[in-house]
Structures are given as structure tokens and as C-alpha cells.
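Notes follow once the structure below has been shown.
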Amino acid sequence: MIGTGYVGLVSGACFADFGHHVTCVDKDASKIEALHRGVMPIYEPGLDDLVAANVKAGRLTFTTDLKKPVAEADAVFIAVGTPSRRGDGHADLSYVYAAAKEIAGALDGFTVVVTKSTVPVGTGDEVERIIRETNPKADCAVVSNPEFLREGAAIRDFKHPDRIVVGTEDERAKESMNELYRPLYLNQAPILVTGRRTAELIKYAANAFLATKITFINEVADLCERVGADVQQVARGIGLDNRIGGKFLHAGPGYGGSCFPKDTLALIKTGQDYDAPIRIVETVAAVNDTRKRAMARKVSAALGGDIRGKTIAVLGLTFKPNTDDMRDAPSINIVTALNDMGAKVKAYDPIGMEQAKSVLTGVTYCEDAYSCAQGADALVIVTEWEQFRALDLARLKSAMAKPVVVDLRNVYRPDEMAKYGFSYSSVGRATKDR
Ligand SMILES: NC(=O)c1ccc[n+]([C@@H]2O[C@H](COP(=O)([O-])OP(=O)(O)OC[C@H]3O[C@@H](n4cnc5c(N)ncnc54)[C@H](O)[C@@H]3O)[C@@H](O)[C@H]2O)c1
């Protein structure tokens, strides 16, 4: 497994748990050194136990040098990052291509090289070209096998996927991939074997569709606020229709995270390059982009339109609960906008504060939700961590300078908040101020 990040480490540990022998490789020596000490380089529920059990069983090892593990492997997975390229939004494939080149030099015997990173259509062709150019004698098949796990529920998702997508036309590769994923057939996960380009596109189409669903309900939420309707009931009303489905219909501050923003952008670029622009996704990305900063204006409006010198408490910084991942988190845009408007921002996140500190300066980091609320003129719920769902509302109110709550995840009920004397606003729901 080349790349031991959110995807590589989880996939490696799960494959080991299936009974395979896995070596996780990473260039980042500090990650590998931490793993040797049993310390996880990322926060993912259940991962530490899964890793420890498989290390103990002798099926999972870690190294910074790919030569030996690649030479010995039946399958080599590329799970390195594919961030947005600075300046133009195309996927930055330099890590994938560098890994392909290194792998090529170490291949020995028939090996399946599997791209698990999310990569644009045609990347598999280029990986194959690089391998053939670097090592013309290599006996290998290059396969696309995109990953659909969600951070925060990654182990469950990996072990109980809705589907496994394998893009290859090579019979030997199909056999190897079947063997690798065989334990999952027992869980009845459908395996979809397609062409390599099709598999690459499936991943982007899936993420773009989910981002579209979120953005759709966010715009419906804005309309709900204008007309006095309730977006949660609208979502339920449409989600019960099987053709629509209830998931990804939670109105909020706009999508963020390590995948949707960069993957929608990369798909847009691919569409434009091939003269088949996907305008609906172009609009989704543009709408989502402006939404996050608009959430700061919502906070300002809740305080009468001027927050200069006011203290704002922010609960939740990671892009979603149960992860420490701050990549493209909506909190970054929201906190930055609040700072731009002259507010003093205090913040608390149960797991993500260390990561947050490197991307968000000018923030006073607090020890818990209540110390964060202390003396605040408004409290904003940005990420719906479990521990923010049942706050002691009386205690919260007495800690705050003003009882103003802006709930960007619709965690609380307007009538309940009114009962406690809060001035409460949320997303797409009628507000009753007191
Ligand atoms: N994070 C998710 O939830 C998720 C879900 C599905 C798919 N993906 C995709 O999976 C890929 C990896 O994402 P991630 O979140 O795990 O990234 P990550 O940044 O957490 O991990 C990538 C790792 O690869 C290492 N690396 C880079 N080049 C290397 C090389 N040549 N040799 C060895 N190691 C190298 C880096 O040091 C890093 O630790 C991306 O393409 C992403 O889009 C991510």
C-alpha cells in the first residue's frame, strides 16, 4: 500500500484483517515512525485497535522504502494524495506519477498495480505508460479501484461497501482483485468490473452527484427561510421517495473536506478539457463556494448586522464529526470571514484542534464547549459532533454574554431553544426570536 494516509492506512489495515499480508509504505518518516510505536498518524474511530491486532498477528507492517514490499507483492495499491493543483484546479497527479515510477523500478514477477487514489480519466493509461517506459520488462496490469469510504466511518465503509468498482480488462488482474476482495463477497458487496476509464469516472461522478444533492438542499433551505417553510420536512418529504433517497439532504454551511471540493473541481476541468462541460457541477461548485462565507453574514445578522469587537464562539472545526481532517473545512472560510468583519473568535473542537491551529490563526482555542461559550456574544455550531447535540442549555446561556445561537447543522429545535430564552437561528427553518 503506497501512501499511508486516511485511505491507505484504513485500506491496508482492513486488507490485513481479511487475512492478507500488507506492508504500508509512506514517504513521511514521522508517520511510519509513529505507526511503529503504535501511534496513529490520523484520527479514525477503531483504527488503533484494528492496526494493533493485525500488527500483532504479523500481517501488517510499515516502512518508508517500497523496494522490498513491491518486489514481493501480488498487488501494489497507489493511495497517495491527489489534491487540487495550485492555480488551475486540475488534480495534481505528481504524487501518483512519482509513485508509479518508483514502483516500476521495483516490480518483480506478475504484479497488479492498482490506483486507489481518486484520479481523472486517463490517469491509468499514463501510470501504465510510465511503468512500461521505466521498466520495459515489467509484467504488470494497471487497474483502477476507486475508494468510496467516508472518514469517520472508514473501517465500516471499507468492510461493508455498497459496491466495489474494479476497472480493468486484464483477466489475470480480475482474478487477483477477486481474490483480494473475496472476503467482501461474503458480505454480499456487489463487485462491478468495468473498463479502466469508466471506473475512474465512476468515482468523480459519484462525488459530484453527492455534492449536487447537498447543494440542492442548501438552496432549498435558503428558499425555506424566505417563505417560512421547514427544510428538514421538505428533505424528509422528498427523501422518502425511493427515486430520490433521504441521504445527503441535510442543509448546512456547504460541503467541505478532503474530497468533494477538489473532486468537483477536477471533474469540471476534465469536462472542459474534453469539450463536454458539466455545467450542473460548475454551478454546484460556485454556489458552494460562496455559501461558506455567507454563513458568517448569517452570524452577523443574528447580532444585528455588526460584529466588530464582538466575541463569537465556534463549536466544531473539522469538516465533519469523527475525523481530525481540516482539509477545506467550511470552518476555515467562516472563521476567516468572522475575523474579517472584526469579530474575536473563540473555538473548540473535540479532536481537530491541533490540525486547526496550523490553518486557522487569530483564534482563541478553548478546552471545552462551555469555556468556549464563556462571555460570547454569539455561539455558532459549525460541526455536529455528538457532544454538541446535548449541551446543558441553561449552563450555556448563563456562560454567554448574550444568548444568541446560530446552529448551522440544525442540531437543536427552535421551540426548545426559545424555551431556554435563546435567540436562535438555524438553516432553512422558521426562526422564532424572543
Ligand atoms: N480521505 C478520504 O476520505 C478519501 C476517500 C476516498 C478516496 N480518497 C482519495 O484517496 C487518495 C488519498 O487520500 P488520503 O485522504 O488518504 O490522503 P493523505 O494525504 O491522508 O495520504 C496520502 C499519503 O501518501 C503519502 N505519499 C505521497 N507520495 C508518496 C510516495 N511516492 N510514496 C509513499 N507515500 C507517499 C503522503 O506522505 C501521505 O501520507 C486521494 O486521491 C483521495 O482523493 C480519499
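Whatever order the structure lists them in is the order used to number ligands and atoms, beginning at 1. For clarity, every value in this text was computed on a predicted model and none was experimentally measured.
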In ligand 1, which numbered atoms sit nearer than 4.0 Å to a non-hydrogen atom of [X]?
X      : answer
Lys203 : 6 (C)
Lys262 : 42 (C), 43 (O)
Ala79  : 12 (C), 22 (C)
Arg327 : 15 (O), 17 (O), 18 (P), 19 (O), 20 (O)
Thr82  : 40 (C), 41 (O), 43 (O)
Ile2   : 32 (N), 33 (C)
Glu147 : 6 (C), 7 (C)
Lys31  : 38 (C), 39 (O)

Open item on the list: Per the salt bridge (charged side-chain N to carboxylate O under 4.0 Å, His left out) rule, what does the pair list look like for residues 113-130, sequence neighbours excluded?
Closed with: Lys116-Glu147, Asp125-Arg196, Asp125-Arg197, Glu126-Arg129, Glu128-Arg132, Glu128-Arg196, Arg129-Glu133
- [ ] Run the salt-bridge test on Asp157 and Arg150 with the 4.0 Å N-O cut-off and return the result as yes or no.
- [x]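 Salt bridge between Asp157 and Arg150, a charged N being under 4.0 Å from a carboxylate O: yes.
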Which residue and non-hydrogen atom of the protein lie closest to [atom], and at what distance in Å?
atom                    : answer
atom 5 (C) of ligand 1  : Leu149 O, 3.5 Å
atom 12 (C) of ligand 1 : Val80 O, 3.4 Å
atom 24 (O) of ligand 1 : Gly3 CA, 3.4 Å
atom 30 (C) of ligand 1 : Lys27 CG, 3.4 Å
atom 13 (O) of ligand 1 : Val7 CG2, 4.1 Å
atom 9 (C) of ligand 1  : Thr118 OG1, 3.5 Å

- [ ] Would you check whether Asp26 has a nitrogen or oxygen atom less than 3.5 angstrom from a nitrogen or oxygen atom of ligand 1?
- [x]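 So ligand 1 has an N or O lying under 3.5 Å from an N or O of Asp26.
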Tell me whether [X] at atom [atom1] has more than 12 heavy atoms from other residues, nucleotides or ligands lying less than 6.0 Å away.
X      : atom1 : value
Phe148 : CZ    : yes
Lys174 : NZ    : yes
Ile244 : CD1   : yes

Task: Sub-4.0 Å heavy-atom approach of Cys259 to ligand 1 - done: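 Yes; Cys259 lies near enough to ligand 1 that a heavy-atom distance drops under 4.0 Å.
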Open item on the list: I'd like the name of whichever of Arg150, Glu151, Met1, Lys101 reaches closest to atom 1 (N) of ligand 1 through any heavy atom.
Closed with: Glu151
- [ ] With rounding to the nearest 0.5 Å, note down the distance linking CG in Asn288 to OG1 in Thr215.
- [x] 5.0 Å
- [ ] Mind checking whether Ser258 contacts ligand 1 via backbone (N, CA, C, O), side chain (CB onward), both or neither, at a 4.0 Å heavy-atom cut-off?
- [x]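 Side chain only; the backbone of Ser258 stays clear of ligand 1.
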